[in-house]
Amino acid sequence: MKLSVIILAAGQGTRMNSAVPKVMHELAGKPLLEHVYLRSLELGATDIHIVYGHGGEHLHEYCSQFDVEWVLQDQQLGTAHAVQQASPHIPDDHVVLILYGDVPLIRSETLNQLISSVTADTIALLTVHLEDPTGYGRILRAGGEVVAIVEQKDANEQQRAITEVNTGVLALQAGYLNNCLRKIDNNNAQGEYYLTDVIELAVQDGKRVITSQPEDTSEVEGVNDRIQLAKLERIKQQQLAEAIMLKGASIADPARIDIRGELDVGVDSFIDVNCVFQGKVSIGKNVSIGAGCIIIDSTIADGAVIRPYTIMEQTRIQHKVEVGPFARLRPGTSLEDNSKVGNFVEVKNTRLGAGSKANHLTYLGDAEIGEKVNIGAGTITCNYDGAYKHKTIIKDGAFIGSDTQLIAPVTVGENSTIGAGSTITRDAEDHELTLSRTEQKTIKGWKRPQKR
Ligand code: UD1
Ligand code: CA
(Lines give C-alpha, C1' and ligand atoms only; values in the text may rest on other atoms or scores of the structure.)
(Ligands and ions follow the chains in the order given, each with its own letter.)
Protein backbone atom coordinates (compact mmCIF):
# COMPACT_ATOMS: atom_id res chain seq x y z
CA MET A 1 0.00 0.00 0.00
CA LYS A 2 1.39 3.40 -0.99
CA LEU A 3 0.31 6.41 0.99
CA SER A 4 -0.19 9.98 -0.19
CA VAL A 5 -0.96 12.70 2.34
CA ILE A 6 -2.82 15.90 1.50
CA ILE A 7 -2.44 18.62 4.11
CA LEU A 8 -5.06 21.35 3.86
CA ALA A 9 -3.62 24.73 4.77
CA ALA A 10 -5.31 27.28 2.55
CA GLY A 11 -7.67 28.72 5.16
CA GLN A 12 -7.27 32.43 5.90
CA GLY A 13 -6.97 32.07 9.65
CA THR A 14 -8.56 35.49 10.15
CA ARG A 15 -9.21 34.91 13.84
CA MET A 16 -5.47 34.84 14.51
CA ASN A 17 -5.41 38.58 13.67
CA SER A 18 -1.96 38.15 12.22
CA ALA A 19 0.10 39.15 9.21
CA VAL A 20 1.62 35.67 9.33
CA PRO A 21 -0.28 32.71 7.84
CA LYS A 22 -1.95 30.71 10.59
CA VAL A 23 -0.03 27.48 9.99
CA MET A 24 3.27 29.36 10.44
CA HIS A 25 2.45 30.18 14.06
CA GLU A 26 4.64 28.08 16.31
CA LEU A 27 3.85 25.30 18.72
CA ALA A 28 6.76 24.02 20.81
CA GLY A 29 9.14 26.03 18.62
CA LYS A 30 7.94 24.66 15.28
CA PRO A 31 5.33 25.97 12.86
CA LEU A 32 1.97 24.20 13.17
CA LEU A 33 2.41 22.98 9.61
CA GLU A 34 5.76 21.38 10.45
CA HIS A 35 4.14 19.22 13.12
CA VAL A 36 1.69 17.86 10.56
CA TYR A 37 4.46 17.45 7.98
CA LEU A 38 6.67 15.49 10.42
CA ARG A 39 3.75 13.27 11.32
CA SER A 40 3.20 12.53 7.61
CA LEU A 41 6.86 11.54 7.26
CA GLU A 42 6.54 9.21 10.25
CA LEU A 43 3.68 7.43 8.47
CA GLY A 44 6.03 6.70 5.58
CA ALA A 45 4.05 8.69 3.02
CA THR A 46 5.29 8.29 -0.56
CA ASP A 47 4.31 11.84 -1.31
CA ILE A 48 2.96 14.80 0.65
CA HIS A 49 0.90 17.60 -0.87
CA ILE A 50 0.35 20.88 0.92
CA VAL A 51 -2.59 22.92 -0.31
CA TYR A 52 -1.89 26.56 0.41
CA GLY A 53 -3.63 29.83 -0.31
CA HIS A 54 -3.36 33.15 1.47
CA GLY A 55 0.27 34.07 2.24
CA GLY A 56 1.50 30.92 0.53
CA GLU A 57 4.72 32.53 -0.67
CA HIS A 58 5.81 32.86 2.96
CA LEU A 59 5.12 29.19 3.56
CA HIS A 60 7.47 28.29 0.72
CA GLU A 61 10.23 30.42 2.17
CA TYR A 62 9.94 29.21 5.75
CA CYS A 63 9.36 25.59 4.82
CA SER A 64 11.79 25.30 1.90
CA GLN A 65 13.36 22.26 3.60
CA PHE A 66 10.06 20.32 3.36
CA ASP A 67 10.07 17.54 0.77
CA VAL A 68 6.52 18.18 -0.48
CA GLU A 69 4.43 19.23 -3.47
CA TRP A 70 3.10 22.73 -2.96
CA VAL A 71 -0.35 23.16 -4.48
CA LEU A 72 -2.02 26.53 -4.77
CA GLN A 73 -5.73 26.85 -4.07
CA ASP A 74 -6.41 30.24 -5.54
CA GLN A 75 -9.81 30.74 -4.00
CA GLN A 76 -11.02 28.96 -0.87
CA LEU A 77 -14.13 27.28 -2.24
CA GLY A 78 -14.30 24.53 0.35
CA THR A 79 -12.53 21.41 1.59
CA ALA A 80 -13.48 19.26 -1.45
CA HIS A 81 -12.18 21.96 -3.78
CA ALA A 82 -8.97 22.12 -1.74
CA VAL A 83 -8.42 18.36 -1.97
CA GLN A 84 -9.17 18.45 -5.69
CA GLN A 85 -6.20 20.75 -6.28
CA ALA A 86 -3.89 17.91 -5.26
CA SER A 87 -5.65 14.57 -5.68
CA PRO A 88 -5.70 14.32 -9.51
CA HIS A 89 -1.89 14.10 -9.35
CA ILE A 90 -2.01 11.05 -7.09
CA PRO A 91 -1.96 7.51 -8.65
CA ASP A 92 -5.30 5.69 -8.35
CA ASP A 93 -3.95 2.82 -6.25
CA HIS A 94 -2.54 5.04 -3.47
CA VAL A 95 -4.36 5.51 -0.20
CA VAL A 96 -4.95 9.21 0.40
CA LEU A 97 -4.95 10.60 3.92
CA ILE A 98 -6.40 14.08 4.46
CA LEU A 99 -4.94 16.12 7.31
CA TYR A 100 -5.38 19.75 8.37
CA GLY A 101 -2.33 21.99 8.70
CA ASP A 102 -3.80 23.64 11.79
CA VAL A 103 -4.38 20.41 13.76
CA PRO A 104 -0.89 19.72 15.14
CA LEU A 105 -1.27 17.15 17.92
CA ILE A 106 -2.56 14.17 15.95
CA ARG A 107 -0.58 11.01 16.84
CA SER A 108 0.80 8.54 14.32
CA GLU A 109 -0.74 5.58 16.18
CA THR A 110 -4.17 7.10 15.60
CA LEU A 111 -3.45 7.67 11.92
CA ASN A 112 -1.90 4.24 11.33
CA GLN A 113 -4.99 2.62 12.74
CA LEU A 114 -7.17 4.75 10.46
CA ILE A 115 -5.16 4.00 7.33
CA SER A 116 -5.15 0.27 8.04
CA SER A 117 -8.92 0.10 7.63
CA VAL A 118 -8.90 1.43 4.06
CA THR A 119 -9.75 -1.13 1.36
CA ALA A 120 -11.32 -0.96 -2.10
CA ASP A 121 -14.70 -1.21 -0.37
CA THR A 122 -14.17 0.97 2.68
CA ILE A 123 -13.47 4.56 3.68
CA ALA A 124 -11.82 5.33 7.02
CA LEU A 125 -13.10 8.29 9.02
CA LEU A 126 -11.80 9.68 12.29
CA THR A 127 -14.66 10.86 14.50
CA VAL A 128 -14.86 12.09 18.05
CA HIS A 129 -17.59 12.54 20.66
CA LEU A 130 -17.77 16.10 22.00
CA GLU A 131 -19.87 17.41 24.86
CA ASP A 132 -20.34 20.58 22.84
CA PRO A 133 -20.38 19.66 19.12
CA THR A 134 -21.23 23.21 17.97
CA GLY A 135 -19.61 24.16 14.70
CA TYR A 136 -18.59 20.67 13.64
CA GLY A 137 -20.01 18.37 10.99
CA ARG A 138 -22.28 15.77 12.63
CA ILE A 139 -22.01 12.05 11.91
CA LEU A 140 -25.34 10.60 10.75
CA ARG A 141 -25.78 6.88 11.36
CA ALA A 142 -28.50 4.39 10.37
CA GLY A 143 -28.52 0.97 11.98
CA GLY A 144 -25.15 1.83 13.50
CA GLU A 145 -23.49 2.48 10.11
CA VAL A 146 -22.34 5.94 9.04
CA VAL A 147 -24.50 7.20 6.18
CA ALA A 148 -23.57 10.89 5.88
CA ILE A 149 -22.03 13.97 7.49
CA VAL A 150 -24.12 17.09 7.84
CA GLU A 151 -22.46 20.44 8.49
CA GLN A 152 -23.63 22.62 11.41
CA LYS A 153 -25.13 25.22 9.07
CA ASP A 154 -27.08 22.61 7.08
CA ALA A 155 -28.23 20.57 10.08
CA ASN A 156 -31.72 20.49 11.55
CA GLU A 157 -32.32 20.65 15.29
CA GLN A 158 -32.38 16.89 15.71
CA GLN A 159 -29.10 16.51 13.80
CA ARG A 160 -27.47 19.29 15.82
CA ALA A 161 -28.10 17.26 18.98
CA ILE A 162 -25.72 14.55 17.69
CA THR A 163 -22.45 14.63 19.63
CA GLU A 164 -20.37 12.43 17.33
CA VAL A 165 -18.55 14.81 14.99
CA ASN A 166 -16.28 14.77 11.98
CA THR A 167 -12.64 15.51 12.82
CA GLY A 168 -11.93 16.20 9.14
CA VAL A 169 -9.34 13.42 9.02
CA LEU A 170 -10.18 10.65 6.57
CA ALA A 171 -8.47 8.10 4.37
CA LEU A 172 -9.57 6.36 1.17
CA GLN A 173 -8.31 5.14 -2.16
CA ALA A 174 -7.19 7.87 -4.53
CA GLY A 175 -9.01 6.57 -7.61
CA TYR A 176 -12.28 6.46 -5.75
CA LEU A 177 -11.71 9.86 -4.13
CA ASN A 178 -11.21 11.49 -7.54
CA ASN A 179 -14.30 9.75 -8.81
CA CYS A 180 -16.35 11.29 -5.95
CA LEU A 181 -14.79 14.76 -6.16
CA ARG A 182 -16.08 15.14 -9.73
CA LYS A 183 -19.64 14.65 -8.45
CA ILE A 184 -19.56 17.10 -5.51
CA ASP A 185 -21.41 20.41 -5.95
CA ASN A 186 -21.72 23.49 -3.76
CA ASN A 187 -25.43 23.28 -3.29
CA ASN A 188 -25.51 23.90 0.49
CA ALA A 189 -25.89 26.57 3.18
CA GLN A 190 -22.34 27.90 2.72
CA GLY A 191 -22.13 27.56 -1.07
CA GLU A 192 -18.92 25.53 -0.58
CA TYR A 193 -17.66 22.27 -2.02
CA TYR A 194 -17.79 19.98 1.01
CA LEU A 195 -15.34 17.10 1.25
CA THR A 196 -17.78 15.54 3.71
CA ASP A 197 -20.14 14.81 0.78
CA VAL A 198 -17.76 11.97 -0.11
CA ILE A 199 -19.28 9.95 2.72
CA GLU A 200 -22.81 10.01 1.37
CA LEU A 201 -21.61 9.25 -2.17
CA ALA A 202 -19.59 6.30 -0.92
CA VAL A 203 -22.51 4.86 0.99
CA GLN A 204 -24.64 5.16 -2.18
CA ASP A 205 -21.93 3.22 -4.02
CA GLY A 206 -22.22 0.44 -1.46
CA LYS A 207 -19.03 1.23 0.43
CA ARG A 208 -18.68 0.99 4.21
CA VAL A 209 -17.41 3.81 6.37
CA ILE A 210 -15.15 2.50 9.12
CA THR A 211 -14.77 4.94 11.99
CA SER A 212 -12.12 5.15 14.64
CA GLN A 213 -11.47 7.63 17.46
CA PRO A 214 -8.35 9.35 18.78
CA GLU A 215 -7.14 8.40 22.26
CA ASP A 216 -7.47 12.03 23.33
CA THR A 217 -9.61 14.82 21.89
CA SER A 218 -6.61 17.19 21.88
CA GLU A 219 -5.29 15.18 18.92
CA VAL A 220 -8.01 16.57 16.69
CA GLU A 221 -8.25 20.07 18.11
CA GLY A 222 -7.53 22.81 15.61
CA VAL A 223 -6.03 26.24 16.10
CA ASN A 224 -8.32 29.09 15.09
CA ASP A 225 -7.14 31.82 17.47
CA ARG A 226 -4.24 32.53 19.80
CA ILE A 227 -6.16 31.30 22.83
CA GLN A 228 -6.47 27.83 21.30
CA LEU A 229 -2.82 28.00 20.26
CA ALA A 230 -1.75 28.68 23.85
CA LYS A 231 -3.97 25.86 25.09
CA LEU A 232 -2.44 23.34 22.67
CA GLU A 233 1.03 24.63 23.55
CA ARG A 234 0.51 23.66 27.19
CA ILE A 235 -0.83 20.24 26.21
CA LYS A 236 2.20 19.67 24.00
CA GLN A 237 4.59 20.84 26.74
CA GLN A 238 2.97 18.47 29.22
CA GLN A 239 3.49 15.60 26.74
CA LEU A 240 7.15 16.52 26.17
CA ALA A 241 7.74 16.85 29.92
CA GLU A 242 6.13 13.49 30.62
CA ALA A 243 8.32 11.77 28.02
CA ILE A 244 11.42 13.19 29.73
CA MET A 245 10.23 12.18 33.20
CA LEU A 246 9.40 8.64 32.07
CA LYS A 247 12.99 8.30 30.82
CA GLY A 248 14.30 9.03 34.33
CA ALA A 249 14.83 12.77 34.71
CA SER A 250 12.91 14.95 37.17
CA ILE A 251 11.08 18.14 36.32
CA ALA A 252 10.07 20.31 39.27
CA ASP A 253 6.79 21.33 37.61
CA PRO A 254 5.78 20.09 34.15
CA ALA A 255 3.42 23.07 33.91
CA ARG A 256 6.42 25.42 34.08
CA ILE A 257 8.78 24.22 31.37
CA ASP A 258 9.07 25.25 27.73
CA ILE A 259 10.74 22.97 25.23
CA ARG A 260 10.99 24.64 21.84
CA GLY A 261 12.93 22.05 19.90
CA GLU A 262 14.66 18.77 20.74
CA LEU A 263 15.55 18.23 24.39
CA ASP A 264 17.33 15.11 25.56
CA VAL A 265 17.90 14.62 29.31
CA GLY A 266 19.89 11.83 31.00
CA VAL A 267 18.78 9.89 34.06
CA ASP A 268 18.67 11.47 37.51
CA SER A 269 19.01 14.96 36.14
CA PHE A 270 16.78 17.65 37.56
CA ILE A 271 15.19 20.68 35.92
CA ASP A 272 13.82 23.39 38.17
CA VAL A 273 10.91 25.68 37.26
CA ASN A 274 10.62 28.18 34.39
CA CYS A 275 13.43 26.97 32.16
CA VAL A 276 13.26 27.44 28.39
CA PHE A 277 15.04 25.02 26.03
CA GLN A 278 15.40 26.04 22.43
CA GLY A 279 16.76 24.26 19.36
CA LYS A 280 18.79 21.12 20.00
CA VAL A 281 19.75 20.70 23.64
CA SER A 282 21.35 17.61 25.10
CA ILE A 283 21.77 17.18 28.85
CA GLY A 284 23.68 14.28 30.44
CA LYS A 285 23.12 12.33 33.63
CA ASN A 286 23.00 13.82 37.14
CA VAL A 287 22.84 17.36 35.84
CA SER A 288 21.05 20.04 37.80
CA ILE A 289 19.45 22.96 35.97
CA GLY A 290 18.40 25.82 38.25
CA ALA A 291 15.25 27.90 37.96
CA GLY A 292 14.82 30.35 35.10
CA CYS A 293 17.60 29.12 32.81
CA ILE A 294 17.44 29.68 29.05
CA ILE A 295 19.41 27.05 27.14
CA ILE A 296 19.74 27.20 23.37
CA ASP A 297 21.48 24.70 21.06
CA SER A 298 23.88 23.46 23.73
CA THR A 299 25.24 20.26 25.23
CA ILE A 300 25.79 19.70 28.93
CA ALA A 301 27.74 16.66 30.14
CA ASP A 302 27.18 14.48 33.21
CA GLY A 303 27.29 15.97 36.69
CA ALA A 304 27.20 19.62 35.65
CA VAL A 305 25.43 22.14 37.87
CA ILE A 306 23.79 25.06 36.13
CA ARG A 307 22.57 27.52 38.73
CA PRO A 308 19.49 29.77 38.36
CA TYR A 309 19.08 32.38 35.63
CA THR A 310 21.91 31.20 33.44
CA ILE A 311 21.55 31.95 29.74
CA MET A 312 23.55 29.92 27.25
CA GLU A 313 23.65 29.52 23.49
CA GLN A 314 25.81 27.22 21.33
CA THR A 315 27.78 26.22 24.37
CA ARG A 316 29.51 22.97 25.22
CA ILE A 317 29.73 22.12 28.89
CA GLN A 318 31.84 19.17 30.05
CA HIS A 319 31.67 16.94 33.10
CA LYS A 320 31.02 18.43 36.54
CA VAL A 321 31.25 22.01 35.39
CA GLU A 322 29.53 24.60 37.59
CA VAL A 323 27.88 27.67 36.06
CA GLY A 324 25.95 30.62 37.42
CA PRO A 325 23.80 31.92 38.93
CA PHE A 326 23.34 34.75 36.41
CA ALA A 327 25.97 33.66 33.92
CA ARG A 328 25.77 34.43 30.22
CA LEU A 329 27.45 31.96 27.90
CA ARG A 330 27.37 33.10 24.29
CA PRO A 331 28.07 31.11 21.10
CA GLY A 332 31.40 29.31 20.94
CA THR A 333 31.81 28.83 24.68
CA SER A 334 33.42 25.58 25.74
CA LEU A 335 33.86 24.79 29.43
CA GLU A 336 36.10 21.78 30.09
CA ASP A 337 35.78 19.26 32.94
CA ASN A 338 35.43 20.68 36.46
CA SER A 339 35.73 24.30 35.37
CA LYS A 340 33.62 27.03 36.99
CA VAL A 341 31.93 30.15 35.72
CA GLY A 342 30.24 32.18 38.41
CA ASN A 343 27.78 35.03 38.71
CA PHE A 344 27.76 37.96 36.29
CA VAL A 345 30.31 36.40 34.00
CA GLU A 346 29.93 36.70 30.24
CA VAL A 347 31.81 34.27 28.02
CA LYS A 348 31.96 34.28 24.22
CA ASN A 349 33.93 32.17 21.73
CA THR A 350 36.20 31.01 24.52
CA ARG A 351 37.55 27.74 25.80
CA LEU A 352 38.02 27.49 29.55
CA GLY A 353 40.33 24.58 30.35
CA ALA A 354 39.78 21.80 32.89
CA GLY A 355 39.64 22.97 36.49
CA SER A 356 39.88 26.65 35.58
CA LYS A 357 37.69 29.23 37.30
CA ALA A 358 36.15 32.60 36.49
CA ASN A 359 33.93 33.03 39.48
CA HIS A 360 32.82 36.65 39.46
CA LEU A 361 32.01 39.65 37.25
CA THR A 362 34.15 38.93 34.21
CA TYR A 363 34.12 39.17 30.42
CA LEU A 364 35.99 36.48 28.51
CA GLY A 365 35.77 36.91 24.72
CA ASP A 366 37.85 35.19 22.01
CA ALA A 367 40.10 33.60 24.63
CA GLU A 368 41.97 30.33 24.84
CA ILE A 369 42.39 29.51 28.52
CA GLY A 370 44.40 26.52 29.73
CA GLU A 371 43.95 24.25 32.73
CA LYS A 372 43.80 25.28 36.38
CA VAL A 373 43.76 28.97 35.59
CA ASN A 374 42.26 31.39 38.09
CA ILE A 375 40.57 34.44 36.63
CA GLY A 376 40.05 37.09 39.31
CA ALA A 377 36.89 39.13 39.74
CA GLY A 378 36.43 41.93 37.24
CA THR A 379 38.88 40.58 34.67
CA ILE A 380 38.17 41.73 31.14
CA THR A 381 39.61 40.48 27.86
CA CYS A 382 39.66 43.60 25.69
CA ASN A 383 39.15 41.67 22.46
CA TYR A 384 37.91 44.45 20.20
CA ASP A 385 39.95 47.38 18.96
CA GLY A 386 37.04 49.07 17.27
CA ALA A 387 37.70 47.37 13.94
CA TYR A 388 38.97 43.84 14.59
CA LYS A 389 38.60 41.10 17.19
CA HIS A 390 41.80 39.72 18.74
CA LYS A 391 42.66 36.65 20.75
CA THR A 392 43.79 36.31 24.35
CA ILE A 393 45.80 33.23 25.31
CA ILE A 394 46.17 32.30 28.95
CA LYS A 395 48.33 29.28 29.62
CA ASP A 396 47.98 26.51 32.24
CA GLY A 397 48.22 27.47 35.87
CA ALA A 398 48.14 31.24 35.34
CA PHE A 399 46.65 33.49 38.02
CA ILE A 400 44.98 36.69 36.84
CA GLY A 401 44.54 39.21 39.65
CA SER A 402 41.22 40.98 40.04
CA ASP A 403 40.29 43.94 37.87
CA THR A 404 42.78 43.11 35.15
CA GLN A 405 42.38 44.20 31.55
CA LEU A 406 44.04 41.94 29.01
CA ILE A 407 44.49 43.96 25.80
CA ALA A 408 44.34 41.41 22.97
CA PRO A 409 46.22 40.09 21.13
CA VAL A 410 48.14 39.04 24.21
CA THR A 411 49.48 35.87 25.83
CA VAL A 412 49.80 35.19 29.54
CA GLY A 413 52.45 32.52 30.14
CA GLU A 414 52.27 29.25 32.05
CA ASN A 415 52.02 29.63 35.83
CA SER A 416 52.50 33.36 35.48
CA THR A 417 50.82 35.76 37.88
CA ILE A 418 49.22 39.06 36.94
CA GLY A 419 48.95 41.57 39.76
CA ALA A 420 45.46 42.89 40.52
CA GLY A 421 44.43 46.06 38.75
CA SER A 422 46.82 45.61 35.83
CA THR A 423 46.38 46.62 32.23
CA ILE A 424 48.34 44.01 30.28
CA THR A 425 49.34 45.14 26.79
CA ARG A 426 52.35 42.87 26.17
CA ASP A 427 52.86 39.12 26.67
CA ALA A 428 53.48 38.06 30.27
CA GLU A 429 56.36 35.65 30.90
CA ASP A 430 55.97 32.10 32.21
CA HIS A 431 56.35 31.65 35.99
CA GLU A 432 56.86 35.40 36.67
CA LEU A 433 54.79 38.14 38.31
CA THR A 434 53.70 40.81 35.86
CA LEU A 435 51.85 43.92 36.90
CA SER A 436 51.19 47.45 35.70
CA ARG A 437 50.29 49.80 38.48
CA THR A 438 51.37 53.25 39.55
CA GLU A 439 53.11 53.07 42.88
CA GLN A 440 51.00 53.77 45.95
CA LYS A 441 51.70 57.06 47.72
CA THR A 442 50.39 58.97 50.72
CA ILE A 443 49.80 62.74 50.73
CA LYS A 444 50.26 63.83 54.30
CA GLY A 445 48.00 66.45 55.79
CA TRP A 446 45.55 66.43 52.84
CA LYS A 447 42.11 67.71 53.92
CA ARG A 448 38.74 66.73 52.52
CA PRO A 449 36.74 69.66 51.10
CA GLN A 450 34.25 71.09 53.64
CA LYS A 451 30.84 72.63 53.06
CA ARG A 452 30.79 76.34 53.78
C1 UD1 B 1 -14.58 21.03 8.45
C2 UD1 B 1 -15.53 19.89 8.10
C3 UD1 B 1 -16.37 19.54 9.33
C4 UD1 B 1 -15.47 19.16 10.47
C5 UD1 B 1 -14.45 20.26 10.75
C6 UD1 B 1 -13.42 19.80 11.74
C7 UD1 B 1 -16.12 20.16 5.72
C8 UD1 B 1 -17.12 20.63 4.78
N9 UD1 B 1 -16.39 20.33 7.02
O10 UD1 B 1 -15.37 22.13 8.78
O11 UD1 B 1 -17.25 18.45 9.03
O12 UD1 B 1 -16.26 18.90 11.63
O13 UD1 B 1 -13.75 20.63 9.54
O14 UD1 B 1 -12.60 20.87 12.08
O15 UD1 B 1 -15.11 19.63 5.32
N16 UD1 B 1 -9.39 24.59 3.88
C17 UD1 B 1 -8.71 24.82 2.69
N18 UD1 B 1 -9.38 25.33 1.64
C19 UD1 B 1 -10.71 25.61 1.69
C20 UD1 B 1 -11.38 25.38 2.91
C21 UD1 B 1 -10.71 24.87 3.98
O22 UD1 B 1 -7.52 24.55 2.61
O23 UD1 B 1 -11.24 26.07 0.66
C24 UD1 B 1 -8.64 24.04 5.03
C25 UD1 B 1 -8.53 24.98 6.20
O26 UD1 B 1 -7.32 25.70 6.15
C27 UD1 B 1 -8.56 24.04 7.39
C28 UD1 B 1 -9.37 22.85 6.90
O29 UD1 B 1 -9.36 22.93 5.50
O30 UD1 B 1 -7.27 23.58 7.73
C31 UD1 B 1 -10.78 22.86 7.43
O32 UD1 B 1 -11.40 24.06 7.02
P33 UD1 B 1 -12.45 24.78 7.94
O34 UD1 B 1 -12.96 25.95 7.24
O35 UD1 B 1 -11.88 24.96 9.30
O36 UD1 B 1 -13.58 23.66 7.99
P37 UD1 B 1 -14.82 23.68 8.90
O38 UD1 B 1 -15.87 24.53 8.29
O39 UD1 B 1 -14.44 23.92 10.28
CA1 CA C 1 -12.20 24.58 11.56
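In this text the structure is predicted, and so the values were computed from the model without any measurement. Both counts, for ligands and for their atoms, begin at 1 and track the order of listing.
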Using heavy-atom distances, let me know which of Tyr193, Tyr52, Tyr136, Tyr100 sits nearest atom 13 (O) of ligand 1. Tyr100

Which atoms of ligand 1 are found less than 4.0 Å from any heavy atom of Ala82? 17 (C), 18 (N), 22 (O)

Side chain, backbone, both or neither: the part of Asp102 lying under 4.0 Å from ligand 1 by heavy atom: side chain

Closer than 4.0 angstrom: is that true for some heavy atom of Glu151 and an atom of ligand 1? yes

Regarding Glu151 and Gln190, is there a side-chain donor-to-acceptor distance under 3.5 Å anywhere? no

Side chains of Arg182 and Gln84: do they bring a donor and an acceptor to under 3.5 Å? no

Heavy-atom pairs closer than 4.0 Å: do any link ligand 1 to the side chain of Thr167, the backbone, both, or neither? backbone

With no hydrogens and no angle check, just 3.5 Å: does a side-chain donor-acceptor pair link Gln113 and Ser212? no

Where does Leu77 meet ligand 1, judged by heavy-atom distances below 4.0 Å: at the side chain, the backbone, both, or neither? backbone

Please determine, by modelled atom types, if Ser18 and His25 share a side-chain donor-acceptor pair under 3.5 angstrom. yes

Would you mind listing every salt bridge (charged side-chain N to carboxylate O under 4.0 Å, His left out) that reaches into residues 111-123, with sequence neighbours excluded? none

Distance under 4.0 Å to a non-hydrogen atom of Tyr194: what atoms of ligand 1 satisfy this? 8 (C)

Can you tell which part of Ala9 has a heavy atom less than 4.0 Å from ligand 1: side chain, backbone, both or neither? backbone

Which of the numbered atoms in ligand 1 are below 4.0 angstrom from a heavy atom of Leu8? 22 (O), 24 (C), 29 (O), 30 (O)

Is the closest heavy atom of Val165 to ligand 1 under 4.0 Å? no

Distance filter under 4.0 Å to Gly137 heavy atoms, resulting ligand 1 atoms: 3 (C), 4 (C), 11 (O), 12 (O)

Could you tell me whether the side chains of Gln213 and Thr127 share a donor-acceptor contact shorter than 3.5 Å? yes

Tell me yes or no: between the side chains of Ser4 and Asp47, is some donor less than 3.5 Å from an acceptor? yes

If you compare Glu192, Lys22, Gln12, Gln73 by their heavy atoms, the one closest to atom 19 (C) of ligand 1 turns out to be Gln73

Determine whether the side chains of Asp216 and Ser218 contain a donor N or O and an acceptor N or O closer than 3.5 Å. yes

